[in-house]
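This one's a predicted model, so the numbers in the text were calculated from it and none came from an experiment.
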Amino acid sequence: MKNNQFTSQEQQVLENIMLQRRDVRGNNFTNQPITDEVLDKILAAATMAPSVGFSQPWEFVIIKNKKVKQQIGENFKAENEKAQKLFLDKKRNLYAKLKLEGILEAPINLAVFYKPSDAPVLGQTSIAEVGEYSVVCAVQNMWLMARALNVGIGWVSILNPNSVKEILNAPSENKLVAYLCIGYVKEFFDRPELERLQWDDRKSMENSVFRDSY
């Protein structure tokens, strides 16, 4: 098998895709449909993700039904009202203005689940959470592939996972890792939206990287 090498131009393309990836809100989705071919490419990217012990512990539920979306949307609304009360002063005021999901606006919703194994998993015997981390790698793969296809993804984390499981009739052992809204967008912003709105500053690499120990 060839030892594939990538050119500097190809490396730059990947860097640009990562730089231009955005978390998309509902007020930025269009009603342009996502074809099965495009969705299949995004899902295929998920299955290319690394997973501990080659366990591939992910399962996906594609949601297009409006009634199901509405149920999920009601859950978001309830959880969002509780979340807003946790922030104070200026943050609470800004929070109230934020559009934090696109459940009804996006043509496709995708629930991403972690399915645990009944047997020991190679590499997962000391840190159980690495199985869920594998699913997060699959989410990142989808996010990057979607951006390369000029499709937006928004991750809705303000949900009660048990309620979502019930709505989707998920197996009891499965764990909801991500709920994604997928669709074409009006525009991809030059910077992440929360950075643009000054919710927080970008953390520098110098404040994140340590050598040998903290």
Side-chain angles (χ1 to χ4, degrees), residues 22-47 49 51 55-87 95-118 128-143 145-146 151-185 193-194:
R22 295 290 178 264
D23 189 20
V24 179
R25 314 297 184 190
N27 52 9
N28 201 12
F29 284 114
T30 73
N31 58 8
Q32 180 180 349
I34 300 289
T35 65
D36 290 341
E37 180 183 9
V38 169
L39 182 58
D40 285 348
K41 285 184 178 180
I42 294 171
L43 290 169
T47 66
S51 62
S55 56
Q56 306 159 83
W58 40 68
E59 290 188 341
F60 310 93
V61 180
I62 300 167
I63 303 152
K64 297 182 181 180
N65 185 281
K66 187 174 182 179
K67 290 184 178 179
V68 176
K69 289 182 180 181
Q70 287 173 335
Q71 287 180 280
I72 300 292
E74 287 300 315
N75 182 256
F76 167 83
K77 183 178 179 181
E79 293 297 315
N80 195 46
E81 288 175 355
K82 290 189 291 185
Q84 184 177 334
K85 297 174 183 177
L86 300 176
F87 297 92
Y95 189 104
K97 299 176 183 177
L98 295 174
K99 172 67 172 172
L100 295 175
E101 48 77 37
I103 295 167
L104 296 178
E105 297 89 345
I108 293 174
N109 290 188
L110 186 72
V112 185
F113 286 92
Y114 164 64
K115 187 175 183 64
S117 172
D118 294 332
E129 294 83 0
V130 292
E132 295 167 36
Y133 302 160
S134 299
V135 180
V136 175
C137 289
V139 172
Q140 177 75 336
N141 267 22
M142 287 191 288
W143 224 332
M145 176 56 75
V151 172
I153 286 183
W155 186 332
V156 186
S157 58
I158 308 172
L159 292 169
N160 183 306
N162 291 326
S163 296
V164 175
K165 284 180 61 174
E166 184 176 352
I167 292 168
L168 300 180
N169 297 313
S172 59
E173 68 273 16
N174 282 19
K175 182 174 182 177
L176 180 71
V177 172
Y179 192 92
L180 308 176
C181 301
I182 304 175
Y184 289 101
V185 304
E193 189 169 5
L194 291 180

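The CG atom of Leu159 sits 6.5 Å away from atom CD1 of Ile72, with the distance rounded to the nearest 0.5 Å. From Asn75, atom CG reaches atom CD1 of Ile167 across 5.5 Å, with rounding to the nearest 0.5 Å. Summarising the geometry, atom OG1 belonging to Thr47 is positioned 7.5 Å from atom CZ belonging to Phe60; distances are rounded to the nearest 0.5 Å. Atom SG of residue Cys181 and atom CG of residue Asn28 lie 12.5 Å apart, to the nearest 0.5 angstrom. Atom CZ of Phe76 and atom CD1 of Ile158 lie 4.5 Å apart (nearest 0.5 Å). Expressed to the nearest 0.5 Å, how far CD of Glu166 lies from CG of Leu168 amounts to 10.5 Å.
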Which donor-acceptor pairs under 3.5 Å do side chains of residues 97-117 form with protein atoms, sequence neighbours excluded?
from   : atom 1 : to     : atom 2 : distance (Å)
Lys99  : NZ     : Glu101 : OE2    : 3.0
Lys99  : NZ     : Glu105 : OE2    : 2.9
Glu101 : OE1    : Ile103 : N      : 2.9
Asn109 : OD1    : Tyr179 : OH     : 2.7
Asn109 : ND2    : Ile103 : O      : 3.2
Tyr114 : OH     : Gln124 : NE2    : 2.9
Lys115 : NZ     : Glu173 : OE2    : 3.2
Ser117 : OG     : Ala119 : N      : 3.1
Ser117 : OG     : Ala119 : O      : 3.1

Residues 79-86, side-chain donor-acceptor partners within the protein, below 3.5 Å, at least two apart:
from  : atom 1 : to    : atom 2 : distance (Å)
Glu79 : OE2    : Lys82 : NZ     : 3.0
Asn80 : OD1    : Tyr95 : OH     : 2.6

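At least one side-chain heavy atom of Pro57 sits under 4.5 Å from a side-chain heavy atom of Val135. Contact of the Ile63 side chain with the Lys69 side chain is registered, since non-hydrogen atoms from C-beta on lie closer than 4.5 Å.
Residues meeting the side-chain hydrogen bond (donor to acceptor under 3.5 Å, both in side chains) test with Lys175, sequence neighbours left out: Glu132. By the side chain to side chain contact (heavy atoms under 4.5 Å, CB included) test, Ser157 pairs with Trp155, sequence neighbours left out. Residues meeting the side chain to side chain contact (heavy atoms under 4.5 Å, CB included) test with Gln140, sequence neighbours left out: Arg21, Trp143, Leu144.
Sorted by first and then second residue, the salt bridge (Lys or Arg N to Asp or Glu O under 4.0 Å) pairs involving residues 55-68 (not counting sequence neighbours) are Asp36-Lys64.
Pairing each heavy atom of Gly183 with each of Ile34, the nearest pair is CA-CD1, 3.9 Å. Contact detail for Leu43 and Met142: the closest heavy-atom pair is CD2-SD, 4.2 Å. Closest non-hydrogen pair, Ala138 versus Trp58, comes out as CB-CE3, 3.7 Å. Residue Phe29 comes nearest to Ile182 through the heavy atom pair CE2-C, 3.9 Å, listed as atom of the first residue, atom of the second, then distance.
Judged by distance alone, with hydrogens and angles left aside, the side-chain atoms of Ser51 form a donor-acceptor pair with the main-chain N or O of Gln56 at under 3.5 Å.
Counting heavy-atom neighbours within 6.0 Å of Lys165 NZ, excluding the residue itself, gives a total above 12.
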